Protein chains: 2
Amino acid sequence: MATRADVARLAGVSASTVSYALSGVRPISAETRERIESAMAELGYTPNAFARGLAGSRTGIIALHFPFTQRGLNASEFEYLHAASERARTSGSHLLLWMNPADDLAELRRLSSQGLVDGVILMEVQTEDARIAVLQETGVPFVLIGRTADTTGLSYVDSDFEEMGRLAVGHLADLGHRSILFLSQSEQLAKDGYGPIVRGQRGVEVECAARGLAVRVEHAAARIGAGRDVHERVRHDVPEVTAVVSMNEQALVGFIEAARDQGRAVPADLSVMSLGAGDSSAELVQPALTTVSPPAAEMGARAVDHLLKVVAGAGGEIQELITAPLHVRASTAAAPSAPSSSRE
Amino acid sequence: MATRADVARLAGVSASTVSYALSGVRPISAETRERIESAMAELGYTPNAFARGLAGSRTGIIALHFPFTQRGLNASEFEYLHAASERARTSGSHLLLWMNPADDLAELRRLSSQGLVDGVILMEVQTEDARIAVLQETGVPFVLIGRTADTTGLSYVDSDFEEMGRLAVGHLADLGHRSILFLSQSEQLAKDGYGPIVRGQRGVEVECAARGLAVRVEHAAARIGAGRDVHERVRHDVPEVTAVVSMNEQALVGFIEAARDQGRAVPADLSVMSLGAGDSSAELVQPALTTVSPPAAEMGARAVDHLLKVVAGAGGEIQELITAPLHVRASTAAAPSAPSSSRE
DNA sequence: CATTCTCGTCGACGCGCGTCGACGATGCGC
DNA sequence: GCGCATCGTCGACGCGCGTCGACGAGAATG
């Protein structure tokens, strides 16, 4: 608990000289600097974060607002976190985790009015996101992971889910599939305007139209049982479906189980792929899932980079759209020939 | 950005009166309090966190030290995080996420010397954990999630992995299994003294001894391929094994795949169960895994509770051992009768 | 009625640091 | 030799709040 004054006394200089030695804002002679540094080492001095935050303009703390959603938390969410934390650390900032509900705007306002943080990273961004107005009001810099419908003046990092949807359909079309199921999240989530879902679906539909494929959209809660229900409906209504593009990890597992129960093997009879699922969970299911998944770690790190730039007053918005790679694993294969698709 | 002085001016009182109205440390007349409160509301006043931290003794910030380990990050790790964050929030504290490597003690010392946090929660605790000495040195209160070999004077929340191991073996023994495989993490991790592994294995061995079961221990990296390798070894060396207790989610998936490739079905020919896997990931694999898993959410919340008590000067250590429930799902069944166990 | 206490409020100070203005000591050009 | 800019250092102040001692006004006590 040594203070700046202690260091100054031991080094035989004034307190402000210690500050300048630390910040480099004004020149310090090599000899003085050395005396100060050894004094700091001897005392084990670490500047007090609160005094810094009070006196200075920067606080060295950024917050990650990660509202808890209806969707379960996948391992990939964790990667964002980890990467952001890591990057913040190497940039000399602390990362605060705010996990209060997205609709508790009063709480968000309170938190961001405390002057605690230099800036905020918003996760789970909706196409219309009320949090943005709050943050603009309080004047706290922020960047989005994801993006809203209108992004003028906003900084964000997002993966291009529309492109990802097209990529997925392209892969399946190339394998000869002609009729596709898009397995979405709950209708509620889509209505709320959860960007990835909205854009992913659009990409799938656009590419299907372009390639002349039929597409069926099914909503399901993020539960295994919901996936089984979907399979039942699809089996009756559109038995010609031979491939699934899923944005619902949990439901997909149920869907696959149900298909298997009906004697349809993946990928021989049915190809499935996952949009946005983390690579780690894609390999937990059997067969390992072909995915188009955003590079979560990279995005988390980029978000921190952008935020720090914005905080430093980069001026103007920083917008970045990252395209996700197609990762072919064991769950997709050539479409079955006629006999198989006419089964049931 | 209204300050206490602004509120005081508007309410027609002194600045210190505003403070006392906020903290309740000294009595304030109802009338004055009301004037102050409406002034605060009108100005949208929020006390500055840094000034509070500087002037007061408490900072309102706690840190979660979550070192990145060799093991992958499971969904259950996320639950700790979420629960801790949630509980911190409802207790009026901020949660800081420190994800630097466990062996970077200098960094940990620096972080905890900044006077930023009231206390620290340590995750991924080893049986001998060097971080503890650092924290004791810097005088920052802390609690463990997990525990060390010697816990005198330390506060912790841990799940009773030894008990969990016994529970698992009991379940399998009741189903008639007589020869068991314990699928561990890498040998390195066990040597490092990662508590759950060490204690889980002990529990398994103790209960096997008590019930007269044979047990084989295999180490594997947290990768699917490693699990396949283990299966190969086990198939040759101890073909009589009919049940697996796993503390390695990733390897277990590989093991199950390999078994299936060899024509051994789960759970008809082979029962498997997972120790410590989160419930969500247990249901992603097929068949859904029987587990004995610690209530991550509860533990995360309890850790925060304990820490806040310790910070408040509860005096003495707070130690809590939580027993995890056995959750029977589809991956365990009665041991196959003789013909099946003599296969190969 | 005088005295002591309690209640409600005020002013002052300190927490540890960033930063501004000032100032002595140099170095330079003329 | 003198004026002037530059370098290195110092003292003072302010950031916004918690808290301590003091103090006036009543209430309680004799």
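For clarity, every value in this text was computed on a predicted model and none was experimentally measured. Just so we're on the same page: letters track the sequence lines, and every chain starts at 1.
- Pairs engaging residues 5-25 of chain A under the salt bridge (charged side-chain N to carboxylate O under 4.0 Å, His left out) rule: Asp6(A)-Arg9(A) [sequence neighbours left out].
- Looking at Tyr156(B) and Glu317(B), their side chains never bring a donor and an acceptor atom within 3.5 Å of each other.
- The list of side-chain hydrogen bond (donor to acceptor under 3.5 Å, both in side chains) pairs with a residue in residues 303-312 of chain A, not counting sequence neighbours, reads Arg87(A)-Asp305(A), His306(A)-Glu320(A).
- In this structure, Glu34(A) places its CD atom where only 12 or fewer heavy-atom neighbours from other residues, nucleotides or ligands lie under 6.0 Å away.
- Within a heavy-atom distance below 4.0 Å of DNA chain D, the residues of residues 5-29 of chain B found are Ser16(B), Ser19(B), Tyr20(B), Arg26(B).
- Applying the side-chain contact (heavy atoms from CB on, under 4.5 Å) rule to Leu10(B) yields the partners Ala39(B), Glu42(B), Leu43(B); only residues at least two apart in sequence or on another chain are considered.
- Within 4.0 Å of Arg4(A), counting heavy atoms only, lies at least one base atom of the nucleic acid.
- Residue Ile322(A) comes nearest to Pro295(A) through the heavy atom pair CG2-CG, 3.7 Å, listed as atom of the first residue, atom of the second, then distance.
- The two residues Ala130(A) and Leu105(A) have their closest heavy-atom pair at CB-CD1, 3.6 Å.
- Two residues are said to be in side-chain contact when any heavy atoms from C-beta on lie closer than 4.5 Å; Thr59(B) and Leu116(B) fail this criterion.
- No side-chain heavy atom of Val143(B) sits less than 4.5 Å from a side-chain heavy atom of Val157(B).
- Each side-chain hydrogen bond (donor to acceptor under 3.5 Å, both in side chains) pair with one or both residues in residues 44-54 of chain B, not counting sequence neighbours, would appear here, but there are none.
- Protein chain A contacts DNA chain C from dG16(C) to dA22(C), reading 5' to 3' and using non-hydrogen atoms of the protein with a distance under 4.0 Å.
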Under 3.5 Å, N/O pairs linking protein and nucleotides 24-26 of chain D:
none

Which atom pairs, one a donor and one an acceptor, fall under 3.5 Å between side chains of residues 93-100 of chain B and the rest of the protein, sequence neighbours left out?
residue	atom	partner	partner atom	Å
His94(B)	ND1	Trp98(A)	NE1	3.2
His94(B)	NE2	Gln114(A)	NE2	2.9
Trp98(B)	NE1	His94(A)	ND1	3.2
Asn100(B)	OD1	His65(B)	NE2	3.1

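- Sorted by first and then second residue, the salt bridge (charged side-chain N to carboxylate O under 4.0 Å, His left out) pairs involving residues 149-159 of chain A (not counting sequence neighbours) are Arg147(A)-Asp158(A), Asp158(A)-Arg199(A).
- Of the candidates Ser14(B), Ser16(B), Ser19(B), Arg4(B) forms a side chain to side chain donor-acceptor pair (under 3.5 Å) with just one, namely Ser19(B).
- Residue Glu31(B) is the one, among Glu31(B) and Gly56(A), whose nearest nucleotide of DNA chain C lies closer to the 5' end (criterion: closest heavy atom).
- No donor-acceptor pair under 3.5 Å is formed between the side chain of Arg109(B) and the backbone N or O of Val134(B).
- In the helix from dC1(C)-dG30(D) to dC30(C)-dG1(D), the rotation axis of the first five pairs and that of the last five pairs differ in direction by 40°, rounded to 10 degrees.
- Interface residues of residues 33-41 of chain B facing DNA chain D, ordered by number: none; criterion, heavy-atom separation under 4.0 Å.
- Taking the side chain to side chain donor-acceptor pair (under 3.5 Å) definition, one finds that Ser112(A) meets it with nothing, sequence neighbours left out.
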